[in-house]
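Chain letters run A, B, ... following the sequence lines, proteins first and then strands; every chain starts at 1.
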Number of protein chains: 2
Amino acid sequence: MSEALRPMVKSRLYEQVLERLRAHVTEAGLSAGDRLPAERDLAASLGVSRASVKQAIVVLEVQGLVEARHGGGTYLVRDTLDVEPVEQLVERRKRLPEVLEAREALETKLAELAAERRTDAELETIREALDFMRDEIAEGANGVEGDRRFHAAVTAAAHSSLLADFMKTIAQQITESRTESLRQPGRPSRSLAQHTAIYEAIAAGDAKKAAAAMRKHVRTVAKVRLLTWVPED
Amino acid sequence: MSEALRPMVKSRLYEQVLERLRAHVTEAGLSAGDRLPAERDLAASLGVSRASVKQAIVVLEVQGLVEARHGGGTYLVRDTLDVEPVEQLVERRKRLPEVLEAREALETKLAELAAERRTDAELETIREALDFMRDEIAEGANGVEGDRRFHAAVTAAAHSSLLADFMKTIAQQITESRTESLRQPGRPSRSLAQHTAIYEAIAAGDAKKAAAAMRKHVRTVAKVRLLTWVPED
DNA sequence: CCGGTCAAGTGGCTCAGCCACTATGCCACC
DNA sequence: GGTGGCATAGTGGCTGAGCCACTTGACCGG
């Protein structure tokens, strides 16, 4: 435990920027959906380079606290930039099984409706999402954006604004489970295969088969997720 | 949920770099302590700018998977760059209370011994750690490095290689609880005050008071941490 | 009122370069 | 022999300028 052997660790610049950003959000009373100052402005007012500001924003991005839209600004996802306390994270995990049950009910019905009601244009959009996910995986990404698009396209094709609204209320939690699920080795390609099966059923107009395929898919995701949760000692 | 309204989200470049880095570590069979290629080399071989490589490395840094030493290269902390599965994280949380109990026992005794055995030079090192943490907090950081140095200095001043070895075996888990604890609002300054009390007792050679101050400090940390753990439904 | 166009604003990314720090090997000196 | 100092190359930290792609909103013509 000799001290002298350890390197001198100065805090990195981006960490200080992070602190200032958190403080700014708190002081300015910003809340979810509000826009952060532009990177150039932040760099100027903090007296650092844009690259350092960007590093800080990347950190906030991977922590899911901020969403940077190319050309459109950077937006707050929550009311604060503080990392979520473990307590709340555990709390949310406990509610997750319910969310996944709800998702199964909703998406199964959505797939069924989509098979019956989809227009050719909507079918095409679903297929594009499939292609997009395939490209993502080929590039080495996990396909999370393609996955999101696929489910969004199916939802749109079902032409049920009520079911779509329900989906919206659990969208955030679904996003989280999606990311975690697709991080499992081998998951992206298996998920793509299941999407393909759903697509084919919808393309064929086979409502029953589409519902079954979607149910199987959602249950797979739920299973992966539940394995990571240990409810008690 | 119309798809066309959503921005075209191409995966950010740094995310792709991240994937390639993970793959490289796996394929090259690198393990903890090994050095990653230099940023310039990575940028060249991946065909991206150094800024993008750096963004990816910053992500790995905040995830604790990598340690970048200014001028000395970037090193692997674990044998992999994959984020820790939630399952293992939960497992470790369950063991944490034991670790904190052990820490209380060890550090209390270490403080006591330090008060009796410390040399003037060692006392000076402890004071420097205190000053360092104060500066960190003044700069807006959370003081985690100063905290680490303080406890390391006290351990060294105790002149007990056996106790020091015991501390080493739980060092990793202590580091994690340290980081999390100091993230709580107001914690850094309160922690600094407790450190000061410990320092003064050691400086005065008051073993009993030093032990008591250290016990109080460690228990405070343990309390903060335990609040975040919900053992059952 | 609608739809198209255009300019300003913004994030994504690159390039070139300087600085601070580290690691290494060499060399003078003891 | 080895020990300490020192130069040098390598490396991460950070900057500034700049280009591109995309979004946004205002403006204008129909």
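Atom CD in B:Gln16 sits about 10 Å away from atom P in C:dT14, given to the nearest Å. D:dC22 atom P lies 17 Å from atom CD of A:Glu67, rounded to whole Å. Going from atom CG of B:Leu13 over to atom C1' of C:dG11 covers 13 Å, rounded to whole Å. As a whole-Å value, the separation of A:His70 NE2 from C:dG11 P is 10 Å. A:Asp41 places its CG atom 10 Å from the C1' atom of C:dG9, with the value rounded to the nearest Å. Here the C1' atom of nucleotide C:dG11 and the CG atom of A:Leu42 are 12 Å apart, to the nearest Å. The CD atom of B:Gln55 sits 8 Å away from the C1' atom of C:dC13 (whole-angstrom rounding). Atom P of nucleotide D:dC14 and atom NZ of A:Lys54 are separated by 16 Å, given to the nearest angstrom.
When distances are taken from the side chain of A:Arg50 to each of D:dG12, D:dG18, C:dT14, the shortest belongs to D:dG18.
Between A:Val53 and B:Thr74, the residue whose closest nucleotide on DNA chain D is further toward the 5' end is B:Thr74. Judged by closest nucleotide on DNA chain C, A:Ala68 is the one of A:Ala68 and B:Gly71 placed further toward the 5' end.
By the 30° and 60° cut-offs, the orientation of the rings of A:His195 relative to A:His217 is perpendicular.
Counting distance only, with no hydrogens placed and no angle test, the side-chain atoms of B:Arg69 and the base atoms of D:dG13 include no donor-acceptor pair under 3.5 Å. No donor-acceptor contact under 3.5 Å links the side chain of B:Arg12 to the base of C:dG12. With hydrogens and angles ignored, no donor-acceptor pair under 3.5 angstrom links the side chain of A:Arg40 to the base of D:dG16.
Within 4.0 Å (heavy atoms only), B:Gly72 reaches sugar-phosphate atoms of the nucleic acid but no base atom. Using a 4.0 Å heavy-atom cutoff across all strands shown, B:Ala38 reaches sugar-phosphate atoms only and no base atom.
Put simply, the side chain of B:Arg148 reaches to within 4.5 Å of the side chain of B:Glu145, judged on heavy atoms. When side chains are defined from C-beta on, A:Tyr14 counts as touching B:Val62, because their heavy atoms get closer than 4.5 Å.
Taking 4.0 angstrom as the limit, B:Arg35 places a side-chain polar atom (N or O) nearer than this to OP1 or OP2 of D:dT11. Phosphate contact (OP1/OP2 of D:dT15, side-chain N/O of A:Ser52, threshold under 4.0 Å): present.
With A:Tyr199 as the aromatic partner, A:Arg127 does not meet the cation-pi criteria of under 6.0 angstrom to the ring centre and within 45 degrees of the ring axis.
In this structure, B:Arg20 places its CZ atom where only 12 or fewer heavy-atom neighbours from other residues, nucleotides or ligands lie under 6.0 Å away.
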